[in-house]
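Please read the structure below before turning to the comments.
Quick note: residue numbers are just sequence positions, from 1.
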Amino acid sequence: MLFRSVDAFHEGSPKDPVLLNKTGIAYHQMMQFDSALKSYQQAVRLKKDYLEAINNIGTIYYARKNYRRSITYYQRAIKIAPQQERSASIYSNLGTSYFARKQYKAAADAFQTALTLDPDVFEHRSSFGVMLEERNVEERAKYHYYVAKLYAKNGRNELALQYLRKALEEGFKERKLLEKDPEFAAMRDMQEFKDLLALEPRVL
């Protein structure tokens, strides 16, 4: 199916940046990162402010573990992103790259901005539309703990509990932080929170 998509895109105009971006995404889905990057770069050469393609270049560098360069492209896309929802996705990607570099404060700031712009940004499932959202992280347990803290800080306790449970199931070891971190102060009297602290979840 994906091969047919690439063939169909190649039948279109080689000067169409939208088509080139879609071709890049098709290659991206097939894990052909070199071909995907080439298509995204061609799209940007034709349309300098094509933020979706610029963001997607960032996701290629993220996939290659070149997090510093992915950050550069996400920051470039943010500068030209006019729409709130699209900006949220890019800030989320930016936070994920900072997180991968263990720059946790910068990651938390980017995630908070994403959440402010779009309260459901972390609940989106990447649809491989025109702009990719990066959700692959190596430290999944810690990542989910940070998302739980963000939701708790914003008073969204149900989602905070959901992400805390994920973090514990994925082997989050620093359980004492649940009792110390100020973001969870308002949740500590909740029975669900107490149950979670007492639980010994099966690590997935």
Side-chain angles (χ1 to χ4, degrees), residues 17-18 21-22 24-25 28-29 36 40 43-44 47-63 67-167 170 172 181-187 192:
V18 175
N21 186 50
K22 287 182 178 179
I25 289 172
H28 203 138
Q29 287 176 287
Y40 296 145
V44 174
K47 187 181 178 188
K48 296 281 188 283
D49 62 347
Y50 196 175
L51 78 93
E52 288 88 355
I54 294 167
N55 170 85
N56 294 346
I57 291 171
T59 66
I60 291 287
Y61 285 117
Y62 183 93
Y67 305 125
R68 187 191 297 269
R69 186 166 278 191
S70 70
I71 287 168
T72 299
Y73 278 92
Y74 294 143
Q75 288 174 332
R76 182 176 160 190
I78 283 166
K79 284 180 183 174
I80 55 175
Q83 286 186 19
Q84 185 168 309
E85 191 174 313
R86 291 192 295 182
S87 300
S89 295
I90 304 167
Y91 271 108
S92 172
N93 286 346
L94 177 64
T96 304
S97 284
Y98 278 131
F99 191 89
R101 297 197 75 209
K102 302 187 188 304
Q103 294 177 244
Y104 299 124
K105 173 66 169 65
D109 289 345
F111 288 148
Q112 180 57 62
T113 302
L115 202 59
T116 301
L117 290 167
D118 178 2
D120 297 315
V121 66
F122 296 112
E123 308 315 306
H124 296 168
R125 295 292 170 263
S126 184
S127 59
F128 276 101
V130 293
M131 188 165 71
L132 307 184
E133 291 182 59
E134 188 54 69
R135 288 289 184 272
N136 296 314
V137 288
E138 290 183 3
E139 298 180 285
R140 291 199 71 76
K142 186 174 281 192
Y143 170 78
H144 284 138
Y145 184 75
Y146 269 74
V147 175
K149 283 174 66 172
L150 282 172
Y151 277 133
K153 182 180 175 183
N154 288 273
R156 299 177 73 184
N157 295 344
E158 286 302 315
L159 281 167
L161 286 167
Q162 182 182 315
Y163 277 87
L164 275 177
R165 190 170 289 108
K166 284 183 184 181
E170 286 158 354
F172 186 73
D181 279 341
E183 290 86 351
F184 300 118
M187 295 175 63
E192 297 97 318

Heavy atoms only: give me the nearest [X]-[Y] pair and the separation to one decimal.
X      : Y      : result
Ser97  : Ser70  : OG-OG, 2.6 Å
Ala43  : Tyr50  : CB-CD1, 4.0 Å
Leu150 : Ala108 : CD2-O, 4.1 Å
His28  : Ala36  : N-CB, 3.7 Å
Ala141 : Ala167 : O-CB, 3.3 Å
Ala77  : Asn55  : CB-N, 4.2 Å

Please check if the distance between the ring centroids of [X] and [Y] is under 6.0 Å.
X      : Y      : answer
Tyr61  : Tyr67  : no
Tyr98  : Tyr143 : no
Tyr146 : Tyr163 : no

Do [X] side-chain atoms and [Y] backbone N/O form a donor-acceptor pair below 3.5 Å?
X      : Y      : value
Asn56  : Glu52  : yes
Asp118 : Asp120 : yes
Arg165 : Ala160 : no

- Task: Give the intermediate values and the outcome of side chain to side chain contact (heavy atoms under 4.5 Å, CB included) for residues Tyr104 and Lys142.
- Result: CA-CA 10 Å; Tyr104 299 124; Lys142 186 174 281 192; 3.6 Å; yes

[X] side, atom [atom1]; [Y] side, atom [atom2] - distance, nearest 0.5 Å:
X      : Y      : atom1 : atom2 : value
Asp109 : Tyr91  : CG    : OH    : 10.5 Å
Tyr145 : Glu170 : OH    : CD    : 14.5 Å
His144 : Phe122 : NE2   : CZ    : 10.0 Å
Ile71  : Leu94  : CD1   : CG    : 6.0 Å
Phe184 : Leu161 : CZ    : CG    : 9.0 Å
Ile54  : Tyr40  : CD1   : OH    : 13.0 Å

Could you check whether any side-chain heavy atom of [X] comes within less than 4.5 Å of a side-chain heavy atom of [Y], counting everything from C-beta outward?
X      : Y      : value
Arg140 : Lys166 : no
Val18  : Lys47  : no
Leu164 : Phe172 : no

- Query: Run the side chain to side chain contact (heavy atoms under 4.5 Å, CB included) check on Leu51 and Ile90 step by step: do they pass?
  - Reply: CA-CA 9 Å; Leu51 78 93; Ile90 304 167; 3.6 Å; yes

- Message: In terms of relative ring orientation, are Phe99 and Phe111 parallel, tilted or perpendicular, with 30° and 60° separating the classes?
- Response: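 Tilted.
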
- Message: My understanding is that only residues two or more places apart in sequence, or in another chain, count here; which of them pass side chain to side chain donor-acceptor pair (under 3.5 Å) with Lys48?
- Response: none

- Lys/Arg N to Asp/Glu carboxylate O, Glu139 vs Lys102, below 4.0 Å: yes

- Quick one: do Glu183 and Asn154 satisfy side chain to side chain contact (heavy atoms under 4.5 Å, CB included)? Show the steps, please. CA-CA 9 Å; Glu183 290 86 351; Asn154 288 273; over 6 Å; no

- Item | Audit row: Asn157, Glu192, side chain to side chain donor-acceptor pair (under 3.5 Å) steps and yes/no | CA-CA 10 Å; Asn157 295 344; Glu192 297 97 318; over 6 Å; no

- Taking only residues two or more places apart in sequence or in another chain, which ones pass salt bridge (charged side-chain N to carboxylate O under 4.0 Å, His left out) with Asp181?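 Scan of Asp181 (salt bridge (charged side-chain N to carboxylate O under 4.0 Å, His left out), adjacent residues dropped) gives Lys149.
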
- Task: Report the residue from Thr96, Ile57, Asn93 that forms a side chain to side chain contact (heavy atoms under 4.5 Å, CB included) with Tyr74.
- Result: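 For Tyr74, the side chain to side chain contact (heavy atoms under 4.5 Å, CB included) test succeeds with only one of Thr96, Ile57, Asn93, which is Asn93.
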
